[in-house]
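Just so it is clear, the values below take in all heavy atoms, side chains as well, and ignore hydrogens, waters and symmetry mates. Each residue takes its place number in the sequence, starting with 1.
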Amino acid sequence: MTSQVDGATTFRHTMVTKLREEGLITSDSVAAAMNAVPRHDFAPGEPLEKVYQTDTTLVPKIDAQGRQTSVVSASHIQAIQLEQAEVWPGMNVLEIGSGGYNAALIAEIVGPTGSVTTVDIDADVVNRARAGLRRAGYEQVNIVHADAEHGVAQHAPYDRIIVTVGAWDIPPAWLDQLTPDGRIGVPLRFAGITRLVAFDRAPGRSVLTASNYRLGSFVPMQGDGAASEQLIPVTPDVGLRLDQNSALTFDVPALRKALNTKPVESWSGTPFDMPDELELYLLTSGPELPMLHAAQAAVDQGVANRTVRNGTPALVRGGSFAYRIKRESPQTVSGYETGVIAHGPEAEQVGAELLSMIRTWADCYYRRGAARITYHPNTDDTSGLTGWHTTKRHGVLAVAWS
């Protein structure tokens, strides 16, 4: 038993050291919490080496369709969320989407004068979290079985609300249960993507403004807050993904035909770097773009470029479309250059339009955090809102570039 404890301690220290070196842990409080909490207590039976890897999710729950409905997030994602949230000792924190481990980390940071509540819609997940917290010695955490769309009013107000599931909207209950100077960290789904956004209340207003945002992937929210994206198959291995409220339509037979035409490549002369920032810009700075996805089979057959495997914005015009690609280039700082590949009868024109958008981003917004993200609840006047924005159930999300 002693050797296992010593081994876990070593693995924890190695995990924290790596996260610090990667710049994902930047505060002593987060480092101390991740060094203290026994992550293996929340994944009993898993090898310690796997448990303390920085990019591995644990204890997945799979539904009848084979989709993950719950996981213990990878430690690098949890580090990002905790750093974004800026949790302090003595705070009252609500975690939406349970697993136990993250709640224990928060409990370490808020200390004996703070309070942590974790809520999940799945009774199995709640029971698993409760058992893990008991094993790890964090029984002071409030564990609630409920639909998190409605928050947990009995322990409010909260200084921080940390959401660990992909949410399509920000329900009124979360805002009602947040302190006036509170922060919500939420993996927000919009435009066919997810961004982990830290929102603060604007002084004296109901609007939320983002202090920062990061790339992240999360299982979708269930219950009253559930929302599904549109997936339009072009072939069995290639499809277009859209937000659920998108009104875009496509000439699918023409696009299917375009896939089999000779592609046209063009290159920007700009580095392929910060692709997540470029992706956000392409999706929120001009015409509405779907996300193009391809299965590995389509990549192997040469139907789609490998950059499409995880999804990429596509500019579609009738029966033609274009999307970004990359190639090695010693002339760029990153070692790679951004380009465009286009298919269809108007491939050159569509490719040139997308290439122009990429160059504008490279010239004007080539930096982290260039977007200004705001959320306006339905109680807020949005009549004068300009630029890219999308209407959700409970409010309007806007993204501006300046």
Side-chain angles (χ1 to χ4, degrees), residues 23 80 188-198 209-217 240-243 246 248 263-294 304-317 320-343 346-375 385-390 397-402:
I80 289 171
L188 197 60
R189 298 164 56 201
F190 60 96
I193 59 172
T194 299
R195 286 296 180 269
L196 183 54
V197 187
T209 60
S211 55
N212 57 65
Y213 56 88
R214 297 289 297 265
L215 183 66
S217 178
L240 300 171
R241 194 175 76 216
L242 296 162
D243 203 359
S246 174
L248 282 182
V264 175
E265 289 187 10
S266 50
W267 297 94
S268 66
T270 64
F272 187 89
D273 192 14
M274 297 185 288
D276 55 317
E277 288 281 347
L278 173 57
E279 177 182 80
L280 182 61
Y281 176 78
L282 293 176
L283 292 168
T284 61
S285 65
E288 183 180 356
L289 273 60
M291 290 289 288
L292 177 67
H293 287 261
N305 186 275
R306 65 185 184 277
T307 58
V308 184
R309 185 65 184 87
N310 295 318
T312 190
L315 179 62
V316 182
R317 291 281 184 265
S320 301
F321 66 96
Y323 59 92
R324 62 171 172 78
I325 55 175
K326 68 176 181 179
R327 68 178 177 184
E328 291 188 7
S329 174
Q331 281 74 44
T332 62
V333 175
S334 68
Y336 291 88
E337 180 184 5
T338 303
V340 167
I341 192 167
H343 293 262
E346 298 180 13
E348 290 190 6
Q349 298 94 312
V350 175
E353 184 178 349
L354 183 60
L355 200 66
S356 176
M357 295 172 67
I358 291 170
R359 285 176 171 149
T360 298
W361 173 79
D363 290 342
C364 304
Y365 309 110
Y366 181 73
R367 62 186 185 277
R368 286 284 174 198
R372 181 176 181 270
I373 304 177
T374 55
Y375 182 84
L385 203 58
T386 60
W388 186 94
H389 56 278
T390 181
L397 180 75
V399 180
W401 295 86
S402 59

Please report the closest heavy-atom contact between [X] and [Y], naming both atoms and the distance.
X: Leu355; Y: Ser266; answer: CD2-OG, 3.9 Å
X: Asn305; Y: Tyr323; answer: N-OH, 3.0 Å
X: Leu315; Y: Leu354; answer: CD2-N, 3.9 Å
X: Pro263; Y: His343; answer: CB-CE1, 3.6 Å

Determine whether a donor-acceptor pair (N or O, by modelled atom type, separation under 3.5 Å) exists between the side chain of [X] and the backbone of [Y].
X: His293; Y: Met291; value: no
X: Glu328; Y: Tyr336; value: no
X: Ser320; Y: Glu346; value: yes
X: Arg372; Y: Gly369; value: no
X: Thr390; Y: Phe190; value: no
X: Ser334; Y: Phe272; value: yes
X: Thr312; Y: Val308; value: no

To the nearest 0.5 Å, tell me how far [X] [atom1] sits from [Y] [atom2].
X: Thr338; Y: Trp267; atom1: OG1; atom2: CH2; value: 8.5 Å
X: Arg241; Y: Ile193; atom1: CZ; atom2: CD1; value: 9.0 Å
X: Arg324; Y: Leu282; atom1: CZ; atom2: CG; value: 7.5 Å
X: Leu248; Y: Leu240; atom1: CG; atom2: CG; value: 9.5 Å
X: Lys326; Y: Ile341; atom1: NZ; atom2: CD1; value: 14.5 Å
X: Leu283; Y: Glu279; atom1: CG; atom2: CD; value: 5.5 Å

Would you say that [X] contacts [Y] through its side chain, given a criterion of any heavy-atom pair below 4.5 Å between the two side chains?
X: Tyr281; Y: Thr360; result: yes
X: Leu292; Y: Pro313; result: no
X: Thr194; Y: Leu188; result: no
X: Tyr213; Y: Leu196; result: no

For Trp401, which residues count as a side chain to side chain donor-acceptor pair (under 3.5 Å) partner, sequence neighbours excluded?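 If we apply the side chain to side chain donor-acceptor pair (under 3.5 Å) test to Trp401, skipping adjacent residues, the hits are Thr284.
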Who are the side chain to side chain donor-acceptor pair (under 3.5 Å) partners of Ser285, not counting sequence neighbours?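 Applying side chain to side chain donor-acceptor pair (under 3.5 Å) to Ser285 gives none.
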Could you walk me through whether Val340 and Ile325 pass the side-chain contact (heavy atoms from CB on, under 4.5 Å) test, one step at a time? CA-CA 5 Å; Val340 167; Ile325 55 175; 5.7 Å; no
Test item: side-chain donor near acceptor, Tyr366 and Asp273, under 3.5 Å: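 Indeed, the side chains of Tyr366 and Asp273 share at least one donor-acceptor pair under 3.5 Å.
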Side-chain donor-acceptor pair present, Glu288, Ser246, cut-off under 3.5 Å: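 Present: a donor and an acceptor within the cut-off.
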Give the intermediate values and the outcome of side-chain contact (heavy atoms from CB on, under 4.5 Å) for residues Leu278 and Ile358. CA-CA 7 Å; Leu278 173 57; Ile358 291 170; 4.2 Å; yes
Inspect the surroundings of CG in Asn310 and state if more than 12 heavy atoms from other residues, nucleotides or ligands are less than 6.0 Å away.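 Incorrect, the count does not exceed 12.
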Residues two or more places apart in sequence or in another chain: which of them pass salt bridge (Lys or Arg N to Asp or Glu O under 4.0 Å) with Arg317?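 Checked Arg317 against salt bridge (Lys or Arg N to Asp or Glu O under 4.0 Å); matches are Glu353.
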Stepwise side-chain contact (heavy atoms from CB on, under 4.5 Å) test for Leu215 and Arg195: CA-CA 5 Å; Leu215 183 66; Arg195 286 296 180 269; 3.1 Å; yes
Hey, is Glu277 close enough to Arg214 for a salt bridge, meaning N to O under 4.0 Å?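 So Glu277 does not pair with Arg214 through a salt bridge.
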